[in-house]
There are 2 protein chains.
Amino acid sequence: MEYEDEDRLCVTLEEFSLATENGSGMKRTGRKRSYDDDTREYKSKNLETERRRREKLSSRLLMLRSIVPIITNMNKATIVEDAITYIEKLQAKVQSLSHELHQMEATSEDTAETKTDEIDAAEDMRKWGIQEEVRVAQIDGNKLWVKIIIEKKRGRFSKLMEALNSFGIEPIDTNLTTTKGAFLITSCIQGKDGDRLAIHQTKNLLQDIINEI
Amino acid sequence: MEYEDEDRLCVTLEEFSLATENGSGMKRTGRKRSYDDDTREYKSKNLETERRRREKLSSRLLMLRSIVPIITNMNKATIVEDAITYIEKLQAKVQSLSHELHQMEATSEDTAETKTDEIDAAEDMRKWGIQEEVRVAQIDGNKLWVKIIIEKKRGRFSKLMEALNSFGIEPIDTNLTTTKGAFLITSCIQGKDGDRLAIHQTKNLLQDIINEI
DNA sequence: TTCTACACGTGACGC
DNA sequence: TGCGTCACGTGTAGA
């Protein structure tokens with residue numbers, strides 16, 4: 001006789017535990033298949049497959065619930081619902097942040113007009129024979145004098161100041177003059193806490209900054 | 001193992017139809033079926049409820065799939081899986097953007113030393129009798145002369161320049177002097193494309209900017 | 001055919 | 001008690 005042990009096993013696993021828990025006794029279905037006699041208990045072939053599928057889905061839902069911070073209910077449907085709202089919130093936040101960041105970066109972006117301005121600026125500089133220039137000299141123990149001549153671009157001065165600040169360089173006295181398609185910037189700078197600034201390193205830093213803005 | 005074979009747990013579709021057909025499909029119910037005679041066929045009271053529940057879950061899963069951009073498969077499990085990865089991606093992106101933005105804003109952040117510097121600056125200003133001041137005057141048709149005296153804070157000048165640029169105000173000639181805990185800024189400004197700047201509005205704008213930086 | 005994914009109706013369990 | 005949710009095994013449709 002074929003006692004379907006594996007059949008009983010796979011089916012019973014939870015039922016058995018449940019039965020053992022509540023002591024309600026084993027209850028099992030007789031198979032009512034087209035070929036079915038009273039003693040015959042057989043299962044469909046996809047029983048295990050279906051069980052795996054269910055388990056998989058449940059597991060994924062559990063994972064989903066685990067990464068969604070706000071949970072209103074433990075229901076499967078509500079898990080998905082919360083995930084949906086959370087995704088929407090995340091999307092909105094990403095868009096907002098991205099927009100904000102873009103706005104922040106675009107405070108001195110190049111527009112088409114700016115482009116033409118730049119062309120005009122470069123042309124002006126060439127016409128007037130103005131060369132870009134970065135000079136750094138020592139004033140006293142912890143102050144440097146800086147002279148910068150660069151092509152005029154919109155927002156470039158702002159970016160330069162920002163970069164200086166980010167590198168811990170504090171402008172004490174600064175002068176900007178715009179003329180003939182060029183920025184002439186002279187500044188007296190010092191370190192963040194009065195630290196001494198090395199001349200050559202500062203000059204290189206300035207040139208790096210200028211090349212990037 | 002004691003399993004009652006006579007107990008019928010699974011009364012499925014075909015049994016149902018069978019029962020409706022001939023009425024003899026039901027064999028007998030030993031224990032679970034409290035109310036079940038041979039001729040009656042309906043039993044599941046929660047049939048419609050369960051159907052709604054399933055429909056709800058399926059619908060939510062469909063919605064979830066609709067808002068997740070990358071879909072590898074149409075399976076329910078894969079839908080949830082893709083949603084999970086998408087959420088993780090979104091979370092990472094939010095964190096990255098937030099960090100980047102914070103970094104960008106923190107280029108001129110207040111540290112403890114800065115705080116004391118600010119205190120010293122305010123104290124200095126009070127000691128020397130320097131008042132904050134914003135003055136705007138007309139130079140010619142499209143240029144304004146601006147004089148600003150504000151408390152010295154790290155990065156404040158940079159922020160001011162940035163704000164001006166973001167509002168389409170172009171500094172032509174600018175002078176910054178740091179003394180006695182204060183920034184003295186004088187600047188000749190004009191509109192982005194040579195547009196005329198209204199005096200009062202510009203002054204209000206400047207004061208708003210200063211209050212925020 | 002077999003394989004895969006799904007919807008179905010049902011009993012069990014918790015509140 | 002009833003209502004809501006779940007896992008179960010099965011039939012079935014598409015590839």
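Quantities reported herein were computed from a predicted structural model and do not represent experimental measurements. Hydrogens, waters and symmetry mates play no part in the numbers below; they use all other heavy atoms, side chains included.
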Between the side-chain atoms of Glu50(A) and the base atoms of dC6(C), is any donor-acceptor pair under 3.5 Å? yes

Atom CE of Met74(A) and atom P of dG14(C): how far apart are they, to the nearest Å? 14 Å

Do Asn46(B) and dT5(D) have a side chain to base donor-acceptor pair shorter than 3.5 Å? yes

Checking only heavy atoms, does the side chain of Glu55(B) share a donor-acceptor pair with the base of dA7(C) at less than 3.5 Å? no

On the side chain of Arg52(B), is there an atom forming a donor-acceptor pair with the base of dG4(D) - under 3.5 Å, no angle test? no

Flag, side chain of Asn165(A) to backbone of Met161(A), donor-acceptor distance under 3.5 Å: no

Check this one for me: any side-chain N or O of Arg51(B) less than 4.0 Å away from OP1 or OP2 of dA7(C)? no

Separation of dC8(C) C1' from Lys76(B) NZ (nearest whole Å): 11 Å

5' precedence on DNA chain C between Asn75(B) and Leu47(B) (nearest-nucleotide basis): Asn75(B)

Would you mind telling me which of Ile150(A), Ile185(A), Ile213(A) makes a side-chain contact (heavy atoms from CB on, under 4.5 Å) with Phe157(A)? Ile185(A)

Going through the distances and angles, do Thr186(B) and Asn175(B) end up as a side-chain hydrogen bond (donor to acceptor under 3.5 Å, both in side chains)? CA-CA 5 Å; Thr186(B) 55; Asn175(B) 195 290; 4.7 Å; no

Using whole Å, report how far CG of Asn73(B) lies from P of dC6(C). 8 Å

Side chains of Lys152(B) and Met125(B), heavy atoms from C-beta outward: is any pair under 4.5 Å? no

Round to the nearest Å and state the distance from Glu48(A) atom CD to dC3(C) atom C1'. 15 Å

If you check the Arg54(A) side chain, which of dG9(C), dA7(D), dC6(D) turns out closest? dA7(D)

Looking only at heavy atoms, which two atoms of Ala182(B) and Ile149(B) are closest? And how far apart? CB-CG2, 4.4 Å

Tell me whether the side-chain N/O atoms of Lys56(B) come closer than 4.0 Å to OP1 or OP2 in dG4(D). no

Provide, to the nearest angstrom, the distance between the CG atom belonging to Leu62(A) and the P atom belonging to dA7(D). 10 Å

To the nearest Å, how far apart are Glu81(A) CD and dT5(D) P? 11 Å

OP1 or OP2 of dC6(D) under 4.0 Å from side-chain N/O of Arg53(B): yes

